[in-house]
K.L.:
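I am attaching a structure below and will ask some questions about it afterwards.
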Number of protein chains: 2
Amino acid sequence: MSTHTSDKHLLYKIAKAYYQDELTQHDIARRFGLSRVKVSRLLEQARQEGIVKITVVPPPGTFADLERQLEARFGLLEAVVVAPARYDRANVVRELGQAAADCLMRCLKGREILTMSWGTTLRATVDALPSRNWPHMTVVQMAGGLGRPEAEVYGSDLTRRAAQALGARSRMIPAPGIVASKLARDALLADTHIAETLAMAARADVALVGLGALTPDSVVLQVSSLLTEEQINELKALGMVGDIALRCYDAYGRPIRHEVNERIIALELEQIKRIPRVIGVAGGTGKYESIRAALRGGLINVLVTDDRTAARLLSEPNSHRTER
Amino acid sequence: MSTHTSDKHLLYKIAKAYYQDELTQHDIARRFGLSRVKVSRLLEQARQEGIVKITVVPPPGTFADLERQLEARFGLLEAVVVAPARYDRANVVRELGQAAADCLMRCLKGREILTMSWGTTLRATVDALPSRNWPHMTVVQMAGGLGRPEAEVYGSDLTRRAAQALGARSRMIPAPGIVASKLARDALLADTHIAETLAMAARADVALVGLGALTPDSVVLQVSSLLTEEQINELKALGMVGDIALRCYDAYGRPIRHEVNERIIALELEQIKRIPRVIGVAGGTGKYESIRAALRGGLINVLVTDDRTAARLLSEPNSHRTER
DNA sequence: ACCCAAAATGAACAAATGTTCACCCTCGAA
DNA sequence: TTCGAGGGTGAACATTTGTTCATTTTGGGT
């Protein structure tokens, strides 16, 4: 087993020829009178024995390693961590939006179906979208809106603007996200256009979602006209820590069974999970529990967040392995 | 053209995934939502930009870089440089022999034709050969011998012993290397066995040769019984600096045209040149000119020598590029 | 000498990687 | 707006690399 000097010597010569001179293994074999397979094995050995060292230099001012740890820990396709200049909500949201837009654009080619929910973070994302001309792309709304006043943030508007920026077709849900009764919901779902839109969202290639949390400014909590104080407390009692597109989940990212679900017009969590790429964008104070839950439950497979939240997620001693 | 930070960031992530996590480019593409081709190109870029650094660590106590320079400068398939413990002729020769044997064994598989000349250095090489059992190999003598007295070094003996060590068949030339007249030479060449042996040597896969020089102990010079003082002076006047298998060459490795060639029984330089792998072994004081010439003329394509001679060969400002 | 277990080998196959080329953006000028 | 140059893109192809497995070789024990 102990390797003689002259062995190392040969390993060195071959490694040098391969990695520096960029000869092919075939050429090296010919020159040194070895078989190509043997050269392959010797190179393998050279790497093993540390004769060949490959270093990847981390670019400064970046959180690539944090990202890698998140990816590994939560089984993500990708994690993107940004370092906001300041940690006030407005700035964090803006920077998250920029990063999410970059990340999204990188994986779009111009022919896929993108479905998205809405919220302040996604608004920032849409604001950061560059302009494209992708007539073969479709942007589909994932959840009903929340009425007039906040239409710019909580309705079809984001979907429309995203589609416009990308030069894509759009598909909106002309209905509220939460209605008064199951009956009303069923009536709306009977509408061909709405049903088809949801069906299309369900087979999207990419989803872009914000992760709601139980902060005072939470969307879900604010819809007091349709959700009573009592119902909100029931949801909390059932372990709710956050929502994606109005669908509430518990600390393990499991859907919460509650009557309110029957009054919601949006993709279900299970449907979202089935989308190949679900980009979750969330960060700043108060989002931690919700993000952790979404990661645990495998509700998203790409996460865009800030460095503090990222560090906090990794400080957890041992989180459940995701199921994705 | 100027590379933005976030570009480098992506390069880093991908390089890390490829070189550290050993994911395939295909997997990386899938994860990051890129095409495989793009990943390939990004990795290329990462190497270019120095984000990926590949170092090959030189094993200590070795002359790998000297070897590489020799290879590059003289267009060799391989150079082997040894550092003799002491520089007395006996020791240099012993160490050269060891190295040559290693180098030879490395490129033999057991089914080829090996042709060899003779001399003190080759004797050391044969002494260092390990024992094998290669019935499909043939060892062929390349040049006639030099008579009784020094038979052990200057005749068929080396070929026989090499074949024996390797368990190979052997093919000897039962004739002197230099005869008295062209007539005598022609008569010997008419012998079927001798002719066939030379023909076989000519199509050998590997040749093992010593490089003769004009040192006082030179073989060629010592054959005074057949070479007159005058003839030797003629050869020198024609520029002779050394010989391979009794075939003399000038400072550029070109064969010397002289009557003595017609009285020699050995492969010609042109024939030797055509052998795919010609391992030249020589080193120590006095061999420099001869080695340089053989290299210049492309007479050999593998060189085994000592570190001092190697350094001297490289100190030459600008030698002719070899023709091989 | 002979035999055997363990390691090494390379041919054939499978996978991964690199390259080419036709096409499609994007952007800037008319 | 149209046009065209220049750069980027990925499908298809070519090359390179890795792996498996039947066979050979080696080294050590009789």
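Letters A, B, ... mirror the listed sequences (proteins, then strands); counts begin at 1.
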K.L.:
State whether a side-chain donor-acceptor pair under 3.5 Å links E112(B) with H136(B).
P.N.:
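Per modelled atom types, E112(B) and H136(B) side chains form no pair under 3.5 Å.
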K.L.:
Under 3.5 Å, is there a donor-acceptor pair linking the side chains of K16(B) and Y12(B)?
P.N.:
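A donor-acceptor contact under 3.5 Å links the two side chains.
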K.L.:
Which sits closer to the 5' end of DNA chain C, P135(A) or E44(B), going by the nucleotide each is nearest to?
P.N.:
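Looking at DNA chain C, the more 5' nearest nucleotide goes with E44(B).
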K.L.:
Indicate yes or no: does R111(B) engage D205(B) in a salt bridge with an N to O separation below 4.0 Å.
P.N.:
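Looking at D205(B) together with R111(B), the answer is no, because their closest N to O distance does not fall below 4.0 Å.
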K.L.:
Give a yes or no on whether the backbone of L77(A) and the side-chain of E71(A) come within a donor-acceptor separation of less than 3.5 Å.
P.N.:
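No; zero donor-acceptor contacts below 3.5 Å.
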K.L.:
For L34(A) and dG10(C), what is the distance between atoms CG and C1' respectively, to the nearest whole Å?
P.N.:
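Going from CG in L34(A) over to C1' in dG10(C) covers 12 Å.
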K.L.:
Check this for me: Q164(A), atom CD, are more than 12 non-hydrogen atoms of other residues, nucleotides or ligands nearer than 6.0 Å?
P.N.:
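Not more than 12 within 6.0 Å, no.
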K.L.:
Any side-chain N or O of Q25(B) less than 4.0 Å from the OP1 or OP2 oxygen of dG18(C)?
P.N.:
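Indeed, a polar side-chain atom of Q25(B) lies that close.
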K.L.:
Between dT19(C) atom C1' and K38(B) atom NZ, what is the distance in whole Å?
P.N.:
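After rounding, the reported distance stands at 17 Å.
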K.L.:
What is the separation between atom CZ on R41(A) and atom P on dG18(D), rounded to the nearest whole Å?
P.N.:
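In whole Å, dG18(D) P and R41(A) CZ are 11 Å from each other.
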K.L.:
What is the distance, to the nearest angstrom, from the CZ atom on R36(A) to the P atom on dA8(C)?
P.N.:
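It is 19 Å, rounded to the nearest whole Å.
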K.L.:
Could you state the CG-P distance from L43(B) to dA16(C), rounded to the nearest angstrom?
P.N.:
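Going from L43(B) (CG) to dA16(C) (P), I get 15 Å.
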K.L.:
Has the side chain of E22(B) got a donor or acceptor atom that lies under 3.5 Å from a matching backbone atom of Y19(B)?
P.N.:
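No: the side chain of E22(B) does not pair with the backbone of Y19(B).
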K.L.:
Which parts of nucleotides 22-30 of chain D does protein reach within less than 4.0 Å, heavy atoms only, written one letter per nucleotide 5' to 3' as B for base, S for sugar-phosphate only and - for none?
P.N.:
----S----
K.L.:
When the nearest nucleotide of DNA chain C is assigned to S35(A) and to H136(A) on a heavy-atom basis, which residue is associated with the more 5' position?
P.N.:
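Of the two residues, S35(A) wins.
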K.L.:
Measure the distance from CD on Q45(A) to P on dT19(D) and round it to the nearest whole Å.
P.N.:
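To the nearest whole Å, that distance equals 15 Å.
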K.L.:
What integer distance in Å separates H26(A):NE2 from dG18(C):P?
P.N.:
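Roughly 18 Å, once rounded to whole Å.
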K.L.:
Write down the distance between CD1 (I28(B)) and C1' (dG10(D)), rounded to a whole number of angstrom.
P.N.:
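Taking atom C1' of dG10(D) as the reference, CD1 of I28(B) is at 18 Å.
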K.L.:
Side chains of T197(A) and R171(A): is there a donor and an acceptor less than 3.5 Å apart?
P.N.:
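There is such a pair between these side chains.
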K.L.:
Between W118(B) and M142(B), is any pair of side-chain heavy atoms under 4.5 Å apart?
P.N.:
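A side-chain contact under 4.5 Å is absent here.
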K.L.:
Using a 4.0 Å cut-off on heavy atoms, which residues in residues 14-24 of chain A reach DNA chain D? List them by number, or say none.
P.N.:
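Heavy-atom cutoff 4.0 Å gives Y18(A), T24(A).
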K.L.:
We want to know whether D102(B) and Q98(B) form a side-chain donor-acceptor pair, criterion being a heavy-atom distance below 3.5 angstrom.
P.N.:
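D102(B) vs Q98(B): donor-acceptor pair found between side chains.
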K.L.:
Any side-chain N or O of S40(A) under 4.0 Å from OP1/OP2 of dT17(D)?
P.N.:
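Answer no for this pair, as no side-chain N or O of S40(A) is under 4.0 Å from OP1 or OP2.
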